[in-house]
Amino acid sequence: MAKIFCVANQKGGVGKTTTTVNLCAGLAKIGQRVLMVDLDPQGNATMGSGIDKRQLTMSVYDVLIESASVAEAKVHSEPCGYDVLGANRELAGAEVELVQLERREKRLKTALAEVDAQYDFVLIDCPPSLSMLTLNGLCAANGVIVPMQCEYFALEGLTDLVNTIKQVHANLNKDLQIIGLLRVMFDPRITLQQQVSEQLKAHFGDKVFHTVIPRNVRLAEAPSYGLPGVVFDAQAKGSQAFVEFAQEMVERIRTM
């Protein structure tokens, strides 16, 4: 059975897409079978996985309106080693269309159930807003991975996200929980970041992943080459940190 996780944070620009594609690549690198689902109409996770969103014949949009199955719409990213259920501009229209459909927030969950046995991990890249797309991701998931910058405003965004997860847990998905908080773009030289990091550990305890992703130029450059940093430059500190994070994820799942 696949473990399905949303990578979510209601604050924009915190590295959700970078976290999603690099964790997928890290998991694939250590032998896990991985599907990446791009739920953001911008399609950045699709492009960052070596798939041209403009060339997609079918996408996650077709899956959500039930004109295609996951098996039909997914494509394999050869350089990255994982499957991609991609997104493009069409997905923006799904917001409006889904409102009128039955089981509107459970459509992704139903579709993923058909390929459950084919994967060890399914990672869903969510848009920053709490939309019908994000809701589909949260209803389909076993848990949420929250990438966090260690800055003051990030703490405020985290409060909103925790409240959202509680509401979805209470009303739509009893399995949903926070799997862990991942500290990203971390610079140990900045005192404030160290302080916020300590606050996170004090408040959330074991929910804070041990792995810390450093601020890294190679990770930032990788998307312009259409690749995760883990594939683009495996020796970079950021890439090595994501492979460590993938190993920590596998260990954490074993103890869940």
(message) Determine whether a donor-acceptor pair (N or O, by modelled atom type, separation under 3.5 Å) exists between the side chain of K53 and the backbone of P41.
(response) no
(message) Donor-acceptor pair, distance only, cut-off 3.5 Å: does the side chain of R104 make one with the backbone of V99?
(response) yes
(request) Evaluate the side-chain proximity of P147 to V7: yes if any heavy-atom separation is below 4.5 Å, no if none is. (result) yes
(message) Any side-chain to backbone donor/acceptor pair from E90 onto S59? Under 3.5 Å, distance only.
(response) no
(request) Evaluate the side chain to side chain contact (heavy atoms under 4.5 Å, CB included) criterion for residues Y119 and D83: first the C-alpha distance (whole Å), next the side-chain angles of each, then the deciding distance (0.1 Å), finally the verdict. (result) CA-CA 10 Å; Y119 298 102; D83 288 346; 2.5 Å; yes
(request) Please say which of N9, T134, T20 ends up in a side chain to side chain contact (heavy atoms under 4.5 Å, CB included) with C126. (result) T134
(message) For I213, run the side chain to side chain contact (heavy atoms under 4.5 Å, CB included) check against N22, T18, T19, L219 and tell me which one passes.
(response) L219
(message) Counting only heavy atoms not in K109 (residues, nucleotides, ligands), do more than 12 fall under 6.0 Å from its NZ?
(response) yes
(request) From the options D52, D38, N88, select the one residue that forms a side chain to side chain donor-acceptor pair (under 3.5 Å) with T46. (result) D38
(request) State whether the number of non-hydrogen atoms from other residues, nucleotides or ligands found under 6.0 Å of E248 atom CD is greater than 12. (result) yes
(message) So if I apply the side chain to side chain contact (heavy atoms under 4.5 Å, CB included) rule between M148 and each of L161, L158, V208, V184, which one comes out positive?
(response) L158
(request) May I have all residue pairs that pass side chain to side chain donor-acceptor pair (under 3.5 Å) and include part of residues 178-191, sequence neighbours excluded? (result) R183-S197, D187-R189
(message) Quiz question: by atom type and distance under 3.5 Å, do the side chains of K74 and Q118 form a donor-acceptor pair?
(response) yes
(message) Which residues pass the salt bridge (charged side-chain N to carboxylate O under 4.0 Å, His left out) test with D120, not counting sequence neighbours?
(response) R33
(request) Scan for side chain to side chain donor-acceptor pair (under 3.5 Å) pairs involving residues 159-168, sequence neighbours excluded, and state none if there are none. (result) Q10-T164
(message) Please enumerate all residues that pass salt bridge (charged side-chain N to carboxylate O under 4.0 Å, His left out) together with R107, with sequence neighbours excluded.
(response) E66
(message) Within the 4.5 Å heavy-atom criterion, are L123 and Y82 side-chain neighbours or not?
(response) no
(message) Counting neighbours of CZ on R89 that are heavy atoms of other residues, nucleotides or ligands and sit closer than 6.0 Å, is the number greater than 12?
(response) no
(request) Begin from the C-alpha positions of K207 and Q177 and carry the test side chain to side chain contact (heavy atoms under 4.5 Å, CB included) through to its verdict. (result) CA-CA 10 Å; K207 290 286 186 188; Q177 58 176 312; 3.7 Å; yes
(request) May I ask you to decide if M132's main-chain N or O and N136's side chain share a donor-acceptor pair within less than 3.5 Å? (result) yes
(request) Please write out which residues are connected to V231 in a hydrophobic cluster, directly or through intermediates, given that two of Ile, Leu, Val, Met, Phe, Trp, Tyr count as joined at side-chain heavy-atom separations below 4.5 angstrom. (result) Y225, L227, F232
(request) Kindly write out the residues that satisfy salt bridge (charged side-chain N to carboxylate O under 4.0 Å, His left out) with E251, not counting sequence neighbours, or none if the list is empty. (result) R254
(request) Determine yes or no for a side-chain-to-main-chain donor-acceptor pair under 3.5 angstrom, with S239 supplying the side chain and D233 the backbone. (result) yes
(message) Using side-chain heavy atoms (C-beta onward) and a distance below 4.5 Å, is I145 in contact with M249?
(response) yes
